[in-house]
Amino acid sequence: MTDSPTPPTVSIVIPAYNEEAGIRHCLVAAIEQTVAAHEIIVVDNKSTDGTRAAVEAMQAAFPDANIRIVVQDAEQGITPTRNAGFDAATGTVIGRIDADSALSANWVEQVQLAFATGDFVAASGPVEYYDMPMRAFGHHADDTFRKLQVKLAGKYVFLFGTNMAITKEAWLAVRDDVCPDREDLMHEDIDLAVHLALKGLKIGYVSAMVVGMSARRLDSAPKDYLYYVERFKRTYDAHGIRDLRLLAPMAVFLGIYPALHAGRRLTERRTAQQWGGVPKSVAAADAD
């Protein structure tokens, strides 16, 4: 009888900027897994609130969870923050979620099973919005749409930063190629996916990798939300990719925004996403 191959170890990377309010909830879900993560890395990017103190409190409360804090103060932004976390990760596979995410209880286990096949070097899964009504229906709709988008995408299969994983080996293969995007114009997860595709590295989609996330992006003002949605086109344009099929998410996100934005305003859910909305120049001007 041959021994079963050793499952890949999974690091979880969580970029964080002023996430004091939700980081504990995110970490609890990452800790309470059917299979423990190899490590949980929170990358603090110049937070001015109590994010770091909240993570340190979780370290003290769960000493066996291997929660690590990486400080990324060189630049403000999701791309360098993600890079710092990926560089620091020591697992065979690097999981990447957001600080408002809530992993399903078997997420690490499902990542291990998916990557043990060797069919791909990176993958995303569906999300369900835990602060929206009809959560189960939303999960099914999200999964169905993402499966369709995989079919439409050809070799440029997307990655979704809220729920993705990539082998450390694949990350190192594209680490020096991914765009720094200091102008904050693109979707960093799609940029990563494009560079993997350009290297001939396969991206998969795994329905069993489920993550809960907040719909707080819908709280953004219309102009900010439009800027966020147009990141799809700007990312593909920056790489000279012209394929209307890849822009299908733009149509969906713009179509659902008016009704859902109004609904969330009526229920006082006003917690606009801090990363990825208005361009940096505008955000800086508003802060003055």
Side-chain angles (χ1 to χ4, degrees), residues 5 7-15 30 35 37-41 43 78-98 101 103-104 106-127 142-143 145-181 186-211 213 231-232 235-236 238-239 241 243 246 249:
T9 55
V10 179
S11 300
I12 299 174
V13 171
I14 309 168
V35 174
H38 172 65
E39 61 192 348
I40 303 169
I41 301 173
V43 191
I78 184 61
T79 300
T81 304
R82 174 206 67 189
N83 292 358
F86 282 16
D87 288 344
T90 60
T92 310
V93 176
I94 306 168
R96 194 302 216 182
I97 60 175
D98 288 332
S101 298
L103 296 176
S104 59
N106 67 344
W107 189 84
V108 170
E109 182 179 1
Q110 292 300 330
V111 169
Q112 286 186 327
L113 291 171
F115 279 80
T117 66
D119 292 340
F120 41 73
V121 301
S124 284
V127 299
D142 184 87
D143 185 41
F145 173 71
R146 292 183 191 279
K147 287 177 179 176
L148 174 61
Q149 186 60 18
V150 167
K151 293 179 180 179
L152 294 175
K155 74 173 184 178
Y156 294 112
V157 176
F158 63 86
L159 284 173
F160 183 38
T162 299
N163 180 12
M164 63 158 283
I166 180 173
T167 66
K168 180 75 173 191
E169 183 179 10
W171 166 243
L172 294 175
V174 298
R175 172 63 179 84
D176 295 333
D177 299 326
V178 294
C179 299
D181 190 27
M186 296 187 286
H187 276 311
E188 47 83 22
D189 44 8
I190 294 179
D191 172 71
L192 173 58
V194 168
H195 285 287
L196 288 169
L198 293 175
K199 289 276 189 180
L201 299 173
K202 186 176 179 180
I203 298 171
Y205 179 77
V206 182
S207 290
M209 285 172 50
V210 183
V211 168
M213 69 174 290
R231 286 176 180 271
F232 286 94
T235 305
Y236 290 120
H239 298 87
I241 299 170
D243 188 337
L246 298 175

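This one's a predicted model, so the numbers in the text were calculated from it and none came from an experiment. Quick note: residue numbers are just sequence positions, from 1.
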Shortest non-hydrogen contact between [X] and [Y], atoms and distance:
X: Thr79; Y: Cys179; value: CG2-O, 3.6 Å
X: Met186; Y: His239; value: SD-CE1, 4.0 Å
X: Leu103; Y: Ala30; value: CD1-CA, 3.9 Å
X: His195; Y: Asp177; value: CE1-O, 3.1 Å
X: Ala89; Y: Ile41; value: CA-CD1, 3.6 Å

_Under the side chain to side chain contact (heavy atoms under 4.5 Å, CB included) test, residues paired with Thr92 that sit two or more places apart_ =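 Once residues adjacent in sequence are excluded, the partners of Thr92 under the side chain to side chain contact (heavy atoms under 4.5 Å, CB included) criterion are Pro8, Thr9.
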Do the side chains of [Y] and [X] get nearer than 4.5 Å, heavy atoms only?
X: Asn83; Y: Trp171; answer: yes
X: Tyr236; Y: Val194; answer: yes
X: Val121; Y: Glu169; answer: no
X: Val127; Y: Arg146; answer: yes
X: Leu246; Y: Tyr156; answer: yes
X: Leu152; Y: Gln149; answer: yes

In residues 201-211, what donor-acceptor pairs under 3.5 Å come from side-chain atoms, sequence neighbours left out?
{"residue": "Tyr205", "atom": "OH", "partner": "Asp143", "partner atom": "OD1", "Å": "2.6"}
{"residue": "Ser207", "atom": "OG", "partner": "Asp143", "partner atom": "OD1", "Å": "2.9"}
{"residue": "Ser207", "atom": "OG", "partner": "Asp143", "partner atom": "OD2", "Å": "3.4"}

*asked:* Test side-chain contact (heavy atoms from CB on, under 4.5 Å) on Val10 and Phe115; report intermediate values, then the result.
replied: CA-CA 10 Å; Val10 179; Phe115 279 80; over 6 Å; no
*Who pairs with Phe160 by ring pair (Phe, Tyr, Trp, His ring centres under 6.0 Å), at least two apart in sequence or on another chain?*
none
How far does [atom1] of [X] sit from [atom2] of [Y], to the nearest 0.5 angstrom?
X: Leu172; Y: Thr167; atom1: CG; atom2: OG1; value: 8.5 Å
X: Arg175; Y: Asp87; atom1: CZ; atom2: CG; value: 4.5 Å
X: Glu39; Y: Ile94; atom1: CD; atom2: CD1; value: 9.0 Å
X: Leu159; Y: Ser124; atom1: CG; atom2: OG; value: 4.5 Å
X: His187; Y: Ile78; atom1: NE2; atom2: CD1; value: 12.0 Å

*asked:* Taking Arg96 first and then Asp189, would you say they form a salt bridge - that is, a charged N and a carboxylate O separated by under 4.0 Å?
replied: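 No.
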*Where the side chain of Lys168 meets the backbone of Phe86, is there a donor-acceptor pair that is under 3.5 Å apart?*
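Here the side-chain-to-backbone pair exists.
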_Exam field: side chain Lys147 to backbone Asp142, donor-acceptor pair closer than 3.5 Å_ =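 No; zero donor-acceptor contacts below 3.5 Å.
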_Side chains of Thr162 and Asp98: any donor to acceptor distance under 3.5 Å?_
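Result is yes, a qualifying pair exists.
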